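Naming: A, B, ... by sequence-line order, numbering from 1 per chain. Since we're looking at a predicted model, the values are computed, not measured.
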2 protein chains.
Amino acid sequence: MSTKNKILDAAESLFADKGFNGTSLREITSQAEVNLAAVNYHFGSKKELIKAVMSRYMNELSPRLEIALTQVCEQDSPSLIEVFSAFIDPLLSLNDFKNNGTSNFLQLLGRGYTDSQGFLRWFLTTQYPGVIDNFVLAVQKAYPQLSAEEMFWRLHFTMGTVVFTMSSSDALIDIAKSDFERDLQISDVIRNVIPYVAAGVGAPMPVAIRS
Amino acid sequence: MSTKNKILDAAESLFADKGFNGTSLREITSQAEVNLAAVNYHFGSKKELIKAVMSRYMNELSPRLEIALTQVCEQDSPSLIEVFSAFIDPLLSLNDFKNNGTSNFLQLLGRGYTDSQGFLRWFLTTQYPGVIDNFVLAVQKAYPQLSAEEMFWRLHFTMGTVVFTMSSSDALIDIAKSDFERDLQISDVIRNVIPYVAAGVGAPMPVAIRS
DNA sequence: AAGCAGTTTAAACAAGCGTTTAAAATAACG
DNA sequence: CGTTATTTTAAACGCTTGTTTAAACTGCTT
């Protein structure tokens, strides 16, 4: 395996575990068993390494996601459950691409949204706008009464639910095992969260708040 | 104002803005206009300072929250909307206690859950278990069909929604202003999120998943 | 006024950080 | 084989971090 990939793999699992700020280049290069300077040689800087780790997943995920969401949009009257369920297969396919891929990617997403002053939010919205657009279209088709403003809020709430849940999914799976004697996988967590967010987004429109 | 309180105030707003790991003692003491060594003299360590900042709010909030949740439980058949609405007044009362109190506290809560490897989760569940117990009881009364396991998941999803939303509430309020020309407050965000989480927690029980 | 506890201060400490350098090792190619 | 290019390496750089030290200062009591 190439030095570059050894670094990417080590960085990925460490970033997922301890966040971007919480992981040092020395930890990464030592787990990857490469020299410290290799990161700056191959990637330029730590920030570029973070981007590279995220891009590796996004390039795999975003086309599958766009296809799945487009297919939902082509239905006559898709339900919100169907919209959100469109994420399942693309996300789980990351496990074929790499061990613990789904779990790592979702944790990274969570880290990126809270670490680093919203840098990842900028990165995703500017580099992969297609996914977001397709998603908004699908939700609009499934729940046309939802106003643009209400949609804005609920999609952010959903982002929060998913991102937070996934960034702490390891802990949740542990608790579920000790409290309920259930051996769950990340795929179970995904399937669990879908009815929740679908119901949240599908909540009835409130009567007007203020002027 | 005492040195101790100057430090607490500066730390609070900086922690809320940039996270616990992202804020240095030098930033705190310089904004508080006190000597660098004052933190270690008055609080012992940075970790103890974090606890002190959180405790100041929790000691104010948790009794009000317990009262409000108990009142909801005393109703005949409370709705989930009523359960979650019980949080509004106690949370907003933090604004009387301190400028931007509500917003700061909720952002701190978000930071604490993602920074620092779940240290805050431990801190809250061990130091303030009463709030969680009361909350679970209220949800149980409002939605008795919810199994313990499903309850566990949905409360964590809710935690995620709230914590994530609030930790990025400043950005959301900014976007809402530029995109929809609305001048929102943290109280509006709270009111917006309640129908969402109430619907999420109140989602119909799915048919059994696996063994 | 002298002594003393409590507090503040400037300075230094050791450790960790991301990054850079220049030499050594390896690979690729005419 | 010899000569470039590419990659790896050890060492150091400058900087920031949380914490500690010991001296200076404060306000109070006897």
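The structure places CD1 of Ile28(A) at 6.5 Å from NZ of Lys46(A), a figure rounded to the nearest 0.5 Å. For the atom pair Gln71(B) CD and Ile67(B) CD1, the distance stands at 7.5 Å (nearest 0.5 Å).
Rounded to 10 degrees, the angle separating the terminal axes of the helix from dA1(C)-dT30(D) to dG30(C)-dC1(D) is 10°, with each axis obtained from five end pairs.
Between chain B and DNA chain C, the heavy-atom contact criterion of under 4.0 Å yields a 5' to 3' nucleotide range of dG6(C) to dA12(C).
In this structure, the side chain of Asn5(A) does not engage the main chain of Met1(A) through any donor-acceptor pair within 3.5 Å.
Looking at residues 2-16 of chain B, you'll see Thr3(B) sit with a heavy atom under 4.0 Å from some atom of DNA chain C. Proximity of residues 29-42 of chain B to DNA chain C (heavy atom under 4.0 angstrom from any strand atom) is restricted to Asn35(B), Ala37(B), Tyr41(B), His42(B).
Considering only side-chain N and O atoms, Ser24(B) lies under 4.0 angstrom from the phosphate OP1 or OP2 of dT17(D).
With sequence neighbours excluded, no residue satisfies ring-ring contact (aromatic ring centres under 6.0 Å, His included) with Tyr41(B). Under the rule for a side-chain contact (heavy atoms from CB on, under 4.5 Å), the partners of Leu137(B) that lie at least two apart in sequence or sit in another chain are Cys73(B), Gln140(B). For Lys4(A), there are no salt bridge (charged side-chain N to carboxylate O under 4.0 Å, His left out) partners two or more places apart in sequence or in a different chain. With sequence neighbours excluded, the residues satisfying salt bridge (charged side-chain N to carboxylate O under 4.0 Å, His left out) with Lys177(B) are Asp183(B). Scanning for side chain to side chain donor-acceptor pair (under 3.5 Å) contacts around Gln127(A) gives an empty result, with sequence neighbours left out. In this view, Phe87(A) and Phe135(A) satisfy the ring-ring contact (aromatic ring centres under 6.0 Å, His included) rule, not counting sequence neighbours.
Taking the ring centroids of Phe15(A) and Phe20(A), they lie under the 6.0 Å cut-off.
Between the CD1 atom of Ile28(B) and the C1' atom of dT17(D) there is a distance of 12 Å, given to the nearest Å. The CZ atom of Arg26(B) sits 11 Å away from the C1' atom of dC15(D) (whole-angstrom rounding). In this structure, CE of Met1(A) is placed 13 Å from P of dT8(D), rounded to the nearest angstrom.
Classified by interplanar angle (parallel below 30°, tilted 30° to 60°, perpendicular above 60°), the ring pair Phe157(B)/Trp153(B) is tilted.
Pairs engaging residues 81-97 of chain A under the salt bridge (Lys or Arg N to Asp or Glu O under 4.0 Å) rule: none recorded [sequence neighbours left out].
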Sequence neighbours left out, cut at 3.5 Å: what donor-acceptor pairs do the side chains of residues 53-63 of chain B make with other protein atoms?
from	atom 1	to	atom 2	distance (Å)
Ser55(B)	OG	Lys51(B)	O	2.9
Arg56(B)	NH1	Asp9(B)	OD1	3.1
Arg56(B)	NH2	Asp9(B)	OD1	3.0
Arg56(B)	NH2	Glu12(B)	OE1	2.8
Tyr57(B)	OH	Glu12(B)	OE1	3.3
Tyr57(B)	OH	Glu12(B)	OE2	2.5
Asn59(B)	OD1	Tyr128(B)	OH	2.9
Asn59(B)	ND2	Ser55(B)	O	3.2
Glu60(B)	OE2	Arg64(B)	NH2	2.9
Ser62(B)	OG	Met58(B)	O	3.2

